[in-house]
Amino acid sequence: MIKYYFIILILFCSCSHKTTIHCYNEATKNIIYKGVVNPLNISSNKKIISITSDYGIIEKGGTKEKYTIITNQSESLFVEIKTKKKSEKFHFRVTEIPKPIINFNRPVQNNEIKIDDFKTIKNITFYIPEIAIDVSIKIRSLEIIRISKDNLVSKEECKIIDSKLIPIAEVGDIFIFNNIIIEIGNTEKVIVKNEILKII
């Protein structure tokens, strides 16, 4: 009985001294989005000596085990973590950010919007479908084209809140939101599909 006790004790001690290393994205597991800051959880039961990546830039986050990684690589990358007695590589798949979708924050159906709703638009926002991390989105440029019911065309480049065309909209007008360029996560610039609205 004592013999078995010592065998179990030896096995337990050997296991407790085994180096374990973890590296993953809490939201996406092994997926990294291209061009934006992605969170990483990195930990080990031993002191980490170095953290490197072949195609990513890694920075320490604000709390223990929290890191970030950003890459412009289009296929895949690895993160290598080293302790004194162990080195391990973690492979990640790099994917493009899904195309952002414009949101007028007002009821729009079949590209039609009621004039009272349209005239109260003060800003537009964007959302990214099926993305598992938080990213900031900023509008860098936007052109508004108004085609009046009399087929008169007016254009302006502005922020929605400064628009001179939206307040003078009339029923029957067509508004085109054109040349929309947004910045995602302060790094990735994306051209958003033009949006056409008919005022009813």
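Residue indices begin at 1 and follow the sequence shown.
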Please name the pair of heavy atoms, one in Q73 and one in T71, separated by the smallest distance, quoted to 0.1 Å. N-OG1, 3.0 Å
To the nearest 0.5 Å, tell me how far F92 CZ sits from L77 CG. 7.5 Å
State, yes or no, whether a side-chain contact exists between F104 and L197 at a heavy-atom distance under 4.5 Å. yes
Could you give the distance from CD1 (I196) to CG (N178), rounded to the nearest 0.5 Å? 9.0 Å
Selection residues 147-158 - residue pairs positive for salt bridge (Lys or Arg N to Asp or Glu O under 4.0 Å), sequence neighbours left out: K149-E170
May I ask you to check whether over 12 heavy atoms, not counting those of Y55, lie within 6.0 Å of atom OH? no
Please round to the nearest 0.5 Å and tell me the distance separating atom CD1 of I144 and atom CD1 of I124. 7.5 Å
Side chain to side chain contact (heavy atoms under 4.5 Å, CB included) assessment of I168 paired with R146: CA-CA 10 Å; I168 63 172; R146 178 199 180 205; 3.6 Å; yes
Inter-residue atom distance L40.CG - T68.OG1, 0.5 Å rounding: 7.5 Å
Quick one: does T95's side chain get under 4.5 Å of Y33's, heavy atoms only? yes
Which heavy atom of I115 sits nearest a heavy atom of A169, and at what distance? CD1-O, 3.3 Å
Please list, chain by chain and in numerical order, all residues satisfying side chain to side chain donor-acceptor pair (under 3.5 Å) with T28, sequence neighbours excluded. N25
Taking every non-hydrogen atom, the tightest pair across N111 and E195: ND2-OE2, 3.4 Å
Nearest 0.5 Å please: distance from the OG1 atom of T83 over to the CD1 atom of I21. 4.5 Å
